[in-house]
Amino acid sequence: MSQIKAIIADDEKELRTYLKAQLADVWNDLIICGEAKNGPEALNLVDTYQPDIAFLDIRMPGFSGMEVAEKVADRCRIVFVTAHDQYAIKAFENEAVDYILKPVTRDRLKITVTRLKEQIEVSSVPPSDLPAIIERLMAELKANQKTDYLQWIRVSSRDGIRLIPTDEISYFKASDKYTLVVTGDGESLIKKPIKELYRELNPDVFWQIHRGTLVNVNFIDKVSRSLSGRLVLKLKSPPETLTVSRTYKHLFKQM
């Protein structure tokens, strides 16, 4: 068997490092040719290195792992790395894609590696129906998507604890060791980091536009370009502007 190449995509550096180390242990001649911390970076790695396998975290900034898989399924085999999700497990069973639950265990990874080796030995190219399988998985996961997103944010006030409905929040922004919660009425600080909020808020409502910023799309009034070519969002309330990082500019292509 010729040398096999793979990429790892996960927004947690520690998890990427851990998975890479575990793969080196159970498949020592596998070449990890690149690591990505978000969807767009993962796509660039596939374009650049043409890997045989992509290990993709399902929930990533920019594009989700499912969205990346949909775009590259005709070019490489897919292994999803996922948190314990009964719908994901049910969807992936008996399919041409594999999944690994977090936290990744050596025994489970060995099973995945054995499957991959057997598949690649039969054919060096992914199955022709893999794109259709990914599309079906996306539809199934979306239909069963959790709806228990955060509805309220608890913030401290002089009088005690105040509950702010998430639909009244314009944006969240990382600020030192805290996160700034901005509404039309003012600002508050919470200790929950952006990374946790990103996983707990409704992704159809709160978009990540920067490593440290989540914006409520319902509060976007206008999208324009600055003199430097960067995308700028004008908010309805409060009347402020936010700059979109280049990593996330694809979110606004249809706007």
Side-chain angles (χ1 to χ4, degrees), residues 8-20 35-42 57-65 81 83 102-103 146 148-252:
I8 297 174
D10 195 303
D11 62 337
E12 297 273 3
K13 185 178 188 303
E14 296 80 6
L15 293 178
R16 296 197 308 270
T17 301
Y18 176 78
L19 179 55
K20 185 176 180 179
E35 298 177 33
K37 61 180 180 293
N38 55 53
E41 286 186 5
D57 183 18
I58 285 187
R59 189 79 189 274
M60 291 188 296
F63 294 124
S64 70
V81 184
K102 296 180 181 179
K146 292 197 310 180
D148 55 342
Y149 299 116
L150 282 181
Q151 301 296 316
W152 304 85
I153 297 294
R154 299 198 308 171
V155 301
S156 298
S157 66
R158 293 180 181 179
D159 302 325
I161 300 296
R162 186 162 62 98
L163 296 177
I164 304 177
T166 55
D167 59 8
E168 294 181 6
I169 297 172
S170 299
Y171 66 92
F172 295 90
K173 188 171 185 178
S175 177
D176 295 326
K177 296 181 180 180
Y178 296 89
T179 297
L180 194 65
V181 182
V182 182
T183 70
D185 297 326
E187 301 176 351
S188 304
L189 290 173
I190 59 174
K191 290 187 176 181
K192 187 184 288 287
I194 290 291
K195 190 171 293 185
E196 285 187 28
L197 287 167
Y198 172 75
R199 296 182 184 279
E200 297 176 7
L201 291 164
N202 186 342
D204 292 329
V205 176
F206 285 90
W207 292 3
Q208 186 159 20
I209 61 168
H210 186 275
R211 183 177 59 183
T213 308
L214 296 172
V215 65
N216 186 333
V217 296
N218 295 312
F219 282 83
I220 298 175
D221 181 42
K222 182 180 179 182
V223 182
S224 59
R225 288 190 179 275
S226 66
L227 293 176
S228 62
R230 303 291 291 272
L231 287 181
V232 176
L233 307 182
K234 180 183 177 183
L235 302 183
K236 301 173 185 176
S237 176
E240 300 178 6
T241 58
L242 299 174
T243 301
V244 180
S245 168
R246 289 188 173 87
T247 301
Y248 305 100
K249 64 181 182 179
H250 68 278
L251 295 171
F252 301 91

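- Across all their heavy atoms, Ser237 and Phe219 have their closest contact at O-CD2, 3.1 Å.
- With values rounded to the nearest 0.5 angstrom, Asn202 atom CG is found 9.5 Å from Asn216 atom CG.
- For the pair Thr241 and Lys234, the tightest heavy-atom approach, listed with the atom from each and the gap, is CG2-CA, 4.3 Å.
- The CG atom of Leu242 lies 6.5 Å from the NZ atom of Lys173; values are rounded to the nearest 0.5 Å.
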Practice problem: Decide side chain to side chain contact (heavy atoms under 4.5 Å, CB included) for Tyr149 and Glu200; before the verdict, give the C-alpha distance in whole Å, the side-chain angles of both, and the deciding distance to 0.1 Å. | Solution: CA-CA 6 Å; Tyr149 299 116; Glu200 297 176 7; over 6 Å; no

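- The main-chain N or O of Ile209 is never found under 3.5 Å from a side-chain atom of Thr213 such that the two would form a donor-acceptor pair.
- Taking CG from Leu201 and CG from Leu214, the interatomic distance works out to 6.5 Å, rounded to the nearest 0.5 Å.
- You'll find the side chain of Phe206 stays beyond 4.5 Å of the side chain of Leu197, heavy atoms only.
- Between Leu233 and Phe252, the closest heavy-atom pair is CD2-CE2, 3.7 Å.
- Heavy-atom minimum distance, Ile194 versus Phe172: CD1-CB, 3.8 Å.
- Note: Glu168 CD to Asn218 CG = 12.0 Å, rounded to the nearest 0.5 Å.
- If you run salt bridge (Lys or Arg N to Asp or Glu O under 4.0 Å) between Asp10 and each of Arg16, Lys37, Lys195, Lys102, only Lys102 comes through.
- Closest non-hydrogen pair, Leu235 versus Asp221, comes out as C-CB, 4.1 Å.
- Taking every heavy atom of both residues into account, His210 and Tyr248 meet most closely at N-CD1, 3.6 Å.
- No side-chain heavy atom of Ser170 sits under 4.5 Å from any side-chain heavy atom of Val215.
- Applying the side chain to side chain donor-acceptor pair (under 3.5 Å) test between Asp11 and each of Arg199, Gln208, Arg211, Arg59 identifies Arg199 as the sole match.
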Which side-chain N or O atoms in residues 179-190 pair as donor and acceptor under 3.5 Å with protein atoms at least two apart or in another chain?
from	atom 1	to	atom 2	distance (Å)
Thr179	OG1	Lys192	O	2.8
Thr183	OG1	Asp185	N	3.1
Thr183	OG1	Gly186	N	3.4
Thr183	OG1	Gly186	O	3.4
Ser188	OG	Arg162	NH2	3.3

